[in-house]
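I have placed the structure first, in the form of structure tokens, so that the comments after it can refer back to it.
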Protein chains: 2
Amino acid sequence: MVVVSKESEESLNQLFRALADGTRRSILVRSLTETPSVSELAARYAMSFAAVQKHVAVLERAGLIQKRANGREQLVSTNHARLQRAGELLEYFESIWRQRMTQLDDILLPKGK
Amino acid sequence: MVVVSKESEESLNQLFRALADGTRRSILVRSLTETPSVSELAARYAMSFAAVQKHVAVLERAGLIQKRANGREQLVSTNHARLQRAGELLEYFESIWRQRMTQLDDILLPKGK
DNA sequence: ACTAACTACAACCATATGGTTGTACGTTAA
DNA sequence: TTAACGTACAACCATATGGTTGTAGTTAGT
């Protein structure tokens, strides 16, 4: 069962918005297989450290990643559950779509009654 | 098999960006089960017709919906394939995650060798 | 104790976004 | 044919976004 629940619209907005940027998707993917520090991440992109730091902050606010202090470094890892949440909402849309298809089937291919 | 392909980053940005707004998600869901005109949609939201029209345009640019002229009306319907595309990318992320988990399993629970 | 590395954050800028109102134009109905 | 309807689009506004540079605080290494 797909739960739509009381999750705030704003929370979903942030979730999808965070995914709507190539640099952030790249950071997210990297953090799926590694646990890079912010500066290790920054070294990979052709932009300032501060810019990457902002992208990380957007992902963090969206709940897609979390940071863990390790000495002077901040290690970035993904929040898998949160990533799944985006997928669940899309699955919910899918289910609405399928329901419609089923209804059309009922009209075109009546079985009961 | 999840296809990442040559789809432009910008195209994916538009796709997720379009989903990052409550009004647009609502329009999308409505257009999954109905084929409303733009003005029918506009009547449902507490904003101007032009504002709704803009949201529809964003969804259309993202490829999530299409409009079909019917006399003076523009009927809106969803592009299911495009919606699936968003889900596929998330599944791709999932697969990377699972791969990592498998690798961890290999380390923690070696079977071969 | 110093210095370099890593991070945080403020200030600033250009552009994008989400909303508004107003105008114009094709289509339908009386 | 005229009036109302549905749409398109321009102009405008406030705020958000994505980037920059600069300053400052911690932590690590020598």
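Note on naming: letters A, B, ... go to the chains in the order of the sequence lines (proteins, then strands), and numbering restarts at 1 for each one. Both backbone and side-chain heavy atoms feed into the values below; hydrogens, waters and symmetry mates do not. As the structure is a prediction and not an experimental result, all values here were calculated from the model.
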| Think A:R72 has a side-chain N or O under 4.0 angstrom from the OP1 or OP2 of C:dA8? | no

| query | Think A:S39 has a side-chain N or O under 4.0 angstrom from the OP1 or OP2 of C:dA5? | reply | no

| Can we say B:R30 and B:E40 salt-bridge, meaning some charged N sits less than 4.0 Å from an Asp/Glu carboxylate O? | no

| task | State whether a side-chain donor-acceptor pair under 3.5 Å links B:Q66 with B:S77. | result | yes

| remark: Separation of C:dA5 atom C1' from A:E73 atom CD, nearest Å, is 9 Å

| field | Short side-chain N/O contact to C:dT7 OP1/OP2 from A:K67, under 4.0 Å | value | no

| For atom NE2 of A:H55 and atom C1' of C:dT7, their distance in whole Å | 17 Å

| task | Please state how far atom CG in B:D21 lies from atom C1' in D:dA16, giving the value in whole angstrom units. | result | 13 Å

| request: From the options D:dT20, C:dT20, D:dG6, select the nucleotide whose nearest atom is closest to the side chain of B:K54. | output: C:dT20

| Closest-nucleotide ordering on DNA chain D, the 5'-leading residue of A:G71 and A:R24 | A:R24

| field | Short side-chain N/O contact to C:dT20 OP1/OP2 from B:S48, under 4.0 Å | value | yes

| At under 4.0 Å between heavy atoms, what does B:S37 touch on the DNA or RNA strands: base, sugar-phosphate, or nothing? | sugar-phosphate

| field | Integer-rounded Å distance: D:dG18 C1' and B:E9 CD | value | 15 Å

| task | Kindly point out which of D:dA8, C:dT21, D:dA11 is positioned nearest to the side chain of B:A50? | result | C:dT21

| said: For a quick check of understanding: with a heavy-atom distance under 4.0 Å over all strands, which category does B:A42 fall into, base, sugar-phosphate or nothing? | reply: nothing

| said: Test your reading of the model: is there a side-chain donor-acceptor pair from A:N70 to the backbone of A:E73, 3.5 Å cut-off? | reply: no

| note | Checking C:dT7, C:dG18, D:dC9 against the side chain of A:Q53 (C-beta onward), the nearest is C:dT7

| said: Rounded to whole Å, please give me the gap between CG in A:L75 and C1' in C:dT7. | reply: 12 Å

| Salt bridge flag under 4.0 Å for residues A:R25 and B:E9 | yes

| task | Could you check how far CE of B:M47 sits from C1' of C:dT21, rounded to whole Å? | result | 16 Å

| Do B:T23 and B:R44 have side-chain atoms, one donor and one acceptor, less than 3.5 Å apart? | no

| field | Length of the line joining B:E60:CD and D:dC9:P, which is rounded to integer Å | value | 10 Å

| query | Taking OP1 and OP2 of C:dT7, is either one under 4.0 Å from a side-chain nitrogen or oxygen of A:Q74? | reply | no

| task | Find which nucleotide of DNA chain D each of A:N70 and A:F49 is nearest to by heavy atoms, and output the residue with the more 5' nucleotide. | result | A:F49

| note | Whole-Å distance, A:Y45 OH to D:dG18 P, equals 15 Å

